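Note sheet for the following structure.
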Amino acid sequence: MLIVHSDATRDRRTLTELFAGQLVAPFECPERVDYIIERARTESIGEIRGPDEHGLEPVLAIHDADYIDFLRVAWRDWQAAGYEGEAIPNIWPTRRMPGGPIPRHIEGRLGYYALAGETSLNADTFEAALLSKDIALTAVDQVLDSGAPAFALCRPPGHHAARDQYGGYCFINNVAVSAQRALDRGHQRVAILDIDFHHGNGTQDIFYERSDVLTLSLHGDPMDEFPYFLGFANETGRGEGEGYNVNYPLPSGTDYARWAQALDDAIARVRDFAPDMLIIALGVDTFENDPISSFTLQSDDYLDIGARLKRIGLPTLFVMEGGYAVEEIGVNAINVLKGFDNA
Ligand SMILES: [Zn+2]
């Protein structure tokens, strides 16, 4: 399977993540990609190539222009305000204070455009987000051109990024941008199946009123897990999109047998939808040793996941999302691709 990768993804290294009341070293770190690419080489998964530049047009087909402008200038404006740490929001529009115009001050704008406070911005953030979407777009073009599967080794991840919000380590929604690319190149229907431990809130939000993209997500029950405010089973789409969003919130401690039941149901929904392409939002934070998640999947289970996805029989793009058990992330992510290739 073709892998699209860039060593330049290493350039995003934030120093701080607000976690459990402390500033800690971020879970979403450059070493995640190192372990995956090393394992891909060891296992001879396939050709590894770099991304092509795709510009901003495919991004603006999904995200609002003012949001992208904010990402571009946020670090500059944060520094201009005299702040010395990395940019972290600390106030939001809330139920009793929904807000008027977008604030002028960077502190207010951070709260406006952030959905959560764990994700720090620094000088590298915008470039890193652009590189990540170029990796995804290069991979989706390969799938469109050849029909063969491809793996976009994206970093930062994307599935939490909504039309005009970042958070959960995500800035540009790589799977959404890829799905739109496939539609713009002539596909009629695309399915996005999100198997990251966390709900793909951004992806759901972006396509919630559309019937040309089926969004499905298996994830930790938002009653107990990030992002807490979206991802419930009764969120099924709206208007034209009614029936085209499917959520599988699962309890803490979910093992592979239970998880695979949900996967099989999701696969049946994908088959009914009969899309031209399948995009997998590939997170491996469902792993038993993941430090910020609560499912109990084992490394061998990822082989079986890949095999089940292969049997759907669709042109398939894998896009890297989460996974924070860093030393095992290579084995787990590559096992999905191996399982797919060998099925
Ligand atoms: Zn995740």
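Worth saying up front: this structure is predicted, and the values here are computed from it rather than measured. Counting convention: from 1, in listed order, for ligands and their atoms alike. Just so you know, these numbers use all the heavy atoms, side chains as well, and skip hydrogens, waters and symmetry mates.
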Would you name the N/O/S atom of D196 that lies closest to the Zn ion (ligand 1)?
OD1
Could you confirm whether D285 has any N/O/S atom lying under 2.8 Å from the Zn ion (ligand 1)?
yes
Is the count of non-hydrogen atoms from other residues, nucleotides or ligands lying under 6.0 Å from E240 atom CD greater than 12?
no
Do D221 and H219 meet the criterion of a side-chain donor-acceptor pair at a distance under 3.5 Å?
no
Common cluster, V213/I280, ILVMFWY with side-chain heavy-atom separation under 4.5 Å
no
Hey, which of I135, V177, L317 is the one that makes side-chain contact (heavy atoms from CB on, under 4.5 Å) with V140?
L317
Tell me, which N, O or S atom in H198 is closest to the Zn ion (ligand 1)?
ND1
